[in-house]
Amino acid sequence: MDTTRRTPRFCPQCGALLPPGDPRFCIECGHALSATPAIPPPPSSAGRMTVRLPNARVEQSVIGGTVKLPSSGAIPPGMWVLDEPPSAQVVVAIYAPLRAVVGGWSGLSGQGWRRTERQARAGLRMAFTFVAERVWFPAPGCGGGLQLHVTIAATAEAEEGRERLGFRYREGSNPPMKITHTEWRASDGKTVVEHPIPAIQIMAPPRILRVSDLRETIRRVSRGEADRWVDGSAVRGTYQLMGGDVQQRTPAGRGLLLVEVAEPERRNWLQRFFVLTPGHYRARIERPFTANLGQWKQQVKEIQREAASLGLDIETDAAVEWWLDRYGYDGVIFTGARQKYQCEQVIVAFRRGQLVQV
């Protein structure tokens, strides 16, 4: 678990890419970085514990399990490459079928969870139990062909007479999840009782920070400054935002949609004061993924297969965001987009800090 101070990759004020090391100031806008507070060690609440695992570039939340302390050495599904299966001293990671919501996570009946029972609680309240079956598996041809089947239970309360279709909890609170059953099974489905059960770490899916997760604004700059700012960007045109600077749901997950337009003519001060025109933006996207929108569904299927091979049985948007981040892409260029967007090409930026207004 990494609790050290992390230097940001981008300036929190203007979004410019920062040099390596531990810079004190942003060379683009002069914002002081030394005042950025160190990230404190997380408290004992399991909902705040994070670790880095080899199947994602972002920190991931540990939300329970049989381990006493979260381990960054936990082995995700599909990444055990030894011939013998894990022993009791090994920590394996499994992923609960959770959906990211603002400030926390939710689990829904029919989306990886099923409701099993309800019980009366004190104070005219009812407790509903939801269970999910998850499987930890080794890399192909490894681990003796064994798979670890794990049952996770979660509890949610409601007032008497009201139903619950799922549960929700906020980050920082204790997740309402526990392991209720584990067993090894051979490739033919038969239970294997002689092999010990390893320690198990329940993980929330990787959560990639996008527009609404970051406190960033779009700066307004001069044309000359914008030209210097986009130096090194793979997209050098002038753009308008489709839907404004509010986070959109795009084929590439959450983001900001941009369409290229002709660079506007310079206006005098009277025109700037009285004539309202749509905002024009420049984008700094250094490593975009380029895809034809008509072929994107096939790409998404490949992404979902890759995510599933690492135990990440997550919704489509989350899988796409995880995959793009895993391979270091900071934006997406969709070609062949006329049928959906009435223009040949659209660009998806992931952060407001990637844009400036001119």
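Computed from a predicted structure; not experimentally measured.
Between atom CD of residue Glu321 and atom CD1 of residue Ile208 there is a gap of 7.0 Å, rounded to the nearest 0.5 Å. Distance CD/Glu216 to CZ/Arg352: 8.5 Å, rounded to 0.5 Å. Here the CG atom belonging to Leu82 is positioned 5.0 Å from the CD atom belonging to Glu84, to the nearest 0.5 angstrom. Atom CG of Leu257 is separated from atom CG of Leu241 by 8.5 Å, given to the nearest 0.5 angstrom. Here the straight-line distance linking atom CE of Met49 with atom OG of Ser71 works out to 12.5 Å at 0.5 Å rounding. Taken to the nearest 0.5 Å, the CZ atom of Arg185 stands 13.5 Å off from the NZ atom of Lys190.
Paired with Leu258 under the rule side-chain contact (heavy atoms from CB on, under 4.5 Å), one option of Val346, Leu355, Val348 passes, and it is Leu355.
Here the side chain of Glu183 pairs no donor or acceptor atom with the backbone of His181 at under 3.5 angstrom. Panel note: side chain Ser233, backbone Arg236; no donor-acceptor pair is recorded below 3.5 Å. Proximity of a side-chain donor or acceptor of Arg282 to a complementary backbone N or O of Gly237 within less than 3.5 Å is detected. The backbone N or O of Ser212 sits less than 3.5 Å from a side-chain atom of Gln247, completing a donor-acceptor pair. Under the 3.5 Å distance criterion, the side-chain polar atoms of Arg284 are matched with a main-chain donor or acceptor of Trp229. Listed for the His195 side chain is a donor-acceptor partner under 3.5 Å among the backbone atoms of Pro86. Panel note: side chain Trp113, backbone Ala153; no donor-acceptor pair is recorded below 3.5 Å. A donor-acceptor contact shorter than 3.5 Å links the side chain of Arg52 to the backbone of Arg57. With hydrogens and angles disregarded, a donor-acceptor distance shorter than 3.5 Å links the side chain of Arg207 to the backbone of Gly104.
Residues Pro54 and Met79 have side chains in contact (heavy-atom distance under 4.5 Å, counting atoms from C-beta outward). For the pair Tyr95 and Gln60, the minimum side-chain heavy-atom distance is below 4.5 Å. Looking at heavy atoms from C-beta onward, Pro70 lies in side-chain contact with Val51 at the 4.5 angstrom threshold. Taking the side chain as every heavy atom from C-beta outward, Ile152 and Ile202 approach each other to under 4.5 Å. Proximity of Pro77 to Arg134: side-chain heavy atoms (C-beta onward) are nowhere separated by under 4.5 Å. Looking only at side-chain heavy atoms (C-beta outward), Leu324 and Phe350 come within less than 4.5 Å of each other. Looking only at side-chain heavy atoms (C-beta outward), Ile63 and Met203 stay at 4.5 Å or farther from each other. Looking at Trp80 and Val92, their side chains never come closer than 4.5 Å, going by heavy atoms from C-beta outward.
The minimum heavy-atom distance between Asp330 and Arg287, with the atom names listed, is OD1-N, 2.8 Å. The shortest heavy-atom contact between Trp105 and Pro205 is CH2-O, 3.2 Å. The shortest heavy-atom contact between Lys340 and Pro251 is CE-CG, 4.4 Å. Annotation for Gly336 and Leu293: closest pair O-CB, 3.9 Å, computed over non-hydrogen atoms.
Following chains of ILVMFWY side-chain contacts shorter than 4.5 Å, one can reach Val235 starting from Tyr281, so the two form part of one hydrophobic cluster. Under the 4.5 Å side-chain heavy-atom criterion for ILVMFWY residues, no single connected hydrophobic cluster contains both Ile200 and Val67. Hydrophobic clustering places Ile218 together with Tyr239 (ILVMFWY residues linked when any side-chain heavy atoms are closer than 4.5 Å, directly or through intermediates). One hydrophobic cluster, built from ILVMFWY side chains closer than 4.5 Å, cannot hold both Tyr329 and Leu214; they sit in different ones.
Aromatic pair Tyr327/Trp322: centroids not less than 6.0 angstrom apart.
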Applying side-chain contact (heavy atoms from CB on, under 4.5 Å), run through Ile333 and Gln345 and close with a yes or a no. CA-CA 7 Å; Ile333 300 173; Gln345 178 176 289; 3.6 Å; yes
I'd like to know whether Leu312 forms a side-chain contact (heavy atoms from CB on, under 4.5 Å) with Asn55, so could you lay out the CA-CA distance, the side-chain angles of the two residues, the decisive distance to 0.1 Å, and finally the verdict. CA-CA 9 Å; Leu312 297 173; Asn55 61 348; 4.3 Å; yes
Worked verdict on Arg219 versus Glu225 for salt bridge (charged side-chain N to carboxylate O under 4.0 Å, His left out): CA-CA 11 Å; Arg219 285 192 306 145; Glu225 186 176 353; 3.2 Å; yes
Take Glu133 and Arg114 through the test salt bridge (charged side-chain N to carboxylate O under 4.0 Å, His left out) and record every step on the way to the result. CA-CA 9 Å; Glu133 311 288 341; Arg114 57 183 176 88; 3.5 Å; yes
Run Arg220 and Val356 through side-chain contact (heavy atoms from CB on, under 4.5 Å) and show every step you take. CA-CA 6 Å; Arg220 191 180 187 98; Val356 291; over 6 Å; no
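No more than 12 heavy atoms of other residues, nucleotides or ligands sit less than 6.0 Å from atom CD of Gln339. Other residues, nucleotides and ligands contribute over 12 non-hydrogen atoms within 6.0 Å of the CZ atom of Arg326.
Aromatic ring pairs are classed by plane angle as parallel below 30°, tilted from 30° to 60° and perpendicular above 60°; the pair Phe130 and Phe167 is tilted.
In summary, Arg254 and Asp317 do not engage in a salt bridge, as defined by a charged side-chain N under 4.0 Å from a carboxylate O.
For the residue pair Gln304/Thr316, the side-chain donor-acceptor check at 3.5 Å is satisfied. Glu306 and Trp323 share a side-chain donor-acceptor pair at under 3.5 Å.
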